[in-house]
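First comes the structure, then the notes that go with it.
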Amino acid sequence: MKSEPGEFGIDDLERRPGQTEPWDGVRNYQARNMMRDQMQPGDRVFFYHSNCEQPGIVGLAEIARAAYPDPTAFDPEHKHYDPKSRPEQPAWLMVDVRFVRKLKRTLTLAELKERPELDGLALLRRGNRLSILPVSPEQWDFILALE
DNA sequence: GCCAACGTTGGC
DNA sequence: GCCAACGTTGGC
């Protein structure tokens, strides 16, 4: 899961009450479907810092709550308001994410790109801009071993 | 700041 | 349904 550290970084997650944060604001159908269909409580995710000096994987988090309606979509005052989403029929969902730990070092995007073992990694696909991306078990183990 | 790569919107 | 215009993402 990507986040801009200037907006909400791994340190912010660590400081949250319960070290848990609702992952609101996702407004992409592919990303929504991944939250809805692929994320269960206890599942682990990489926390990725994007749009910053050193883009890369900085920590581990886990899903604390399965997908449920994103209330920010209902609020006309909110930046992420979307009139297509109504409480009776929510278009947008979010999960709760809980801090697990920071990595001992940042696994930079540049470093991940150098690894032929990660050729198929969705994060490295050309033009990818999704804020939530799949990682296979093999990719997961390989990346963690780089730490 | 630049720009490639997308997703979305809306006219037709 | 097509597609140009536009907005956003995010690395560099």
Side-chain angles (χ1 to χ4, degrees), chain A residues 1-16 20-39 43-136 138-147:
Chain A
M1 301 180 84
K2 292 186 196 170
S3 192
E4 302 190 11
E7 295 291 324
F8 187 84
I10 187 80
D11 293 328
D12 297 302
L13 183 60
E14 186 175 16
R15 285 194 294 264
R16 278 291 188 268
T20 298
E21 177 76 359
W23 209 258
D24 60 23
V26 174
R27 297 292 180 268
N28 173 283
Y29 287 104
Q30 272 180 269
R32 180 205 65 184
N33 293 348
M34 266 185 281
M35 289 195 288
R36 185 190 59 196
D37 303 333
Q38 320 244 1
M39 290 181 157
D43 286 352
R44 295 240 162 150
V45 301
F46 288 127
F47 197 111
Y48 178 91
H49 280 175
S50 67
N51 207 9
C52 58
E53 196 169 331
Q54 198 177 52
I57 298 170
V58 295
L60 302 181
E62 66 183 11
I63 304 306
R65 180 177 170 185
Y68 61 106
D70 179 347
T72 66
F74 306 142
D75 177 4
E77 304 300 310
H78 201 280
K79 179 183 169 190
H80 297 301
Y81 173 62
D82 185 349
K84 288 196 300 293
S85 190
R86 289 166 294 110
E88 317 85 80
Q89 202 170 8
W92 300 116
L93 306 174
M94 61 187 187
V95 295
D96 288 354
V97 171
R98 183 185 298 124
F99 177 83
V100 173
R101 68 176 177 89
K102 290 202 241 183
L103 297 189
K104 295 193 274 284
R105 64 186 188 88
T106 298
L107 303 177
T108 66
L109 178 61
E111 179 181 356
L112 299 177
K113 282 179 173 172
E114 283 171 8
R115 293 297 188 151
E117 295 89 343
L118 297 177
D119 271 355
L121 189 67
L123 176 70
L124 305 181
R125 273 204 308 262
R126 200 174 60 103
N128 132 71
R129 297 180 313 161
L130 278 183
S131 61
I132 300 176
L133 296 159
V135 181
S136 76
E138 295 75 18
Q139 289 164 341
W140 178 274
D141 291 341
F142 182 83
I143 291 168
L144 260 191
L146 293 174
E147 185 182 1

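The sequence lines fix the lettering, A, B, ..., with proteins before strands; numbering per chain opens at 1.
- For A:Arg126, a side-chain nitrogen or oxygen approaches OP1 or OP2 of B:dA5 to under 4.0 Å.
- A donor-acceptor pair under 3.5 Å is formed between the side chain of A:Arg32 and the backbone N or O of A:Ala91.
- Side-chain N or O atoms of A:Lys104 include none that pairs as donor or acceptor with a backbone N or O of A:Glu147 at under 3.5 Å.
- Side chain of A:His78 to main chain of A:Pro71: no donor-acceptor pair is present (N/O by atom type, distance under 3.5 Å, no hydrogens or angles).
- In this structure, A:Arg105 places its CZ atom where more than 12 heavy-atom neighbours from other residues, nucleotides or ligands lie under 6.0 Å away.
- The aromatic rings of A:Phe8 and A:Phe47 lie tilted to each other, with the angle between the two planes from 30° to 60°.
- Near DNA chain B, defined here as any heavy-atom distance below 4.0 Å, the residues from residues 29-37 of chain A are A:Tyr29, A:Gln30, listed numerically.
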Notebook entry, point to check: What does nucleotides 7-12 of chain C look like as a protein-contact string, B for base, S for sugar-phosphate only, - for none, at under 4.0 angstrom between heavy atoms?
Noted result: BBBBSS

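- Ring pair A:Tyr68/A:Trp92: centre-to-centre distance not below 6.0 Å.
- By the neighbour-count criterion of 12 heavy atoms within 6.0 Å, atom CD of A:Glu88 is densely surrounded, having more than that number from other residues, nucleotides or ligands.
- No donor-acceptor contact under 3.5 angstrom links the side chains of A:Arg27 and A:Ser85, judged on distance only.
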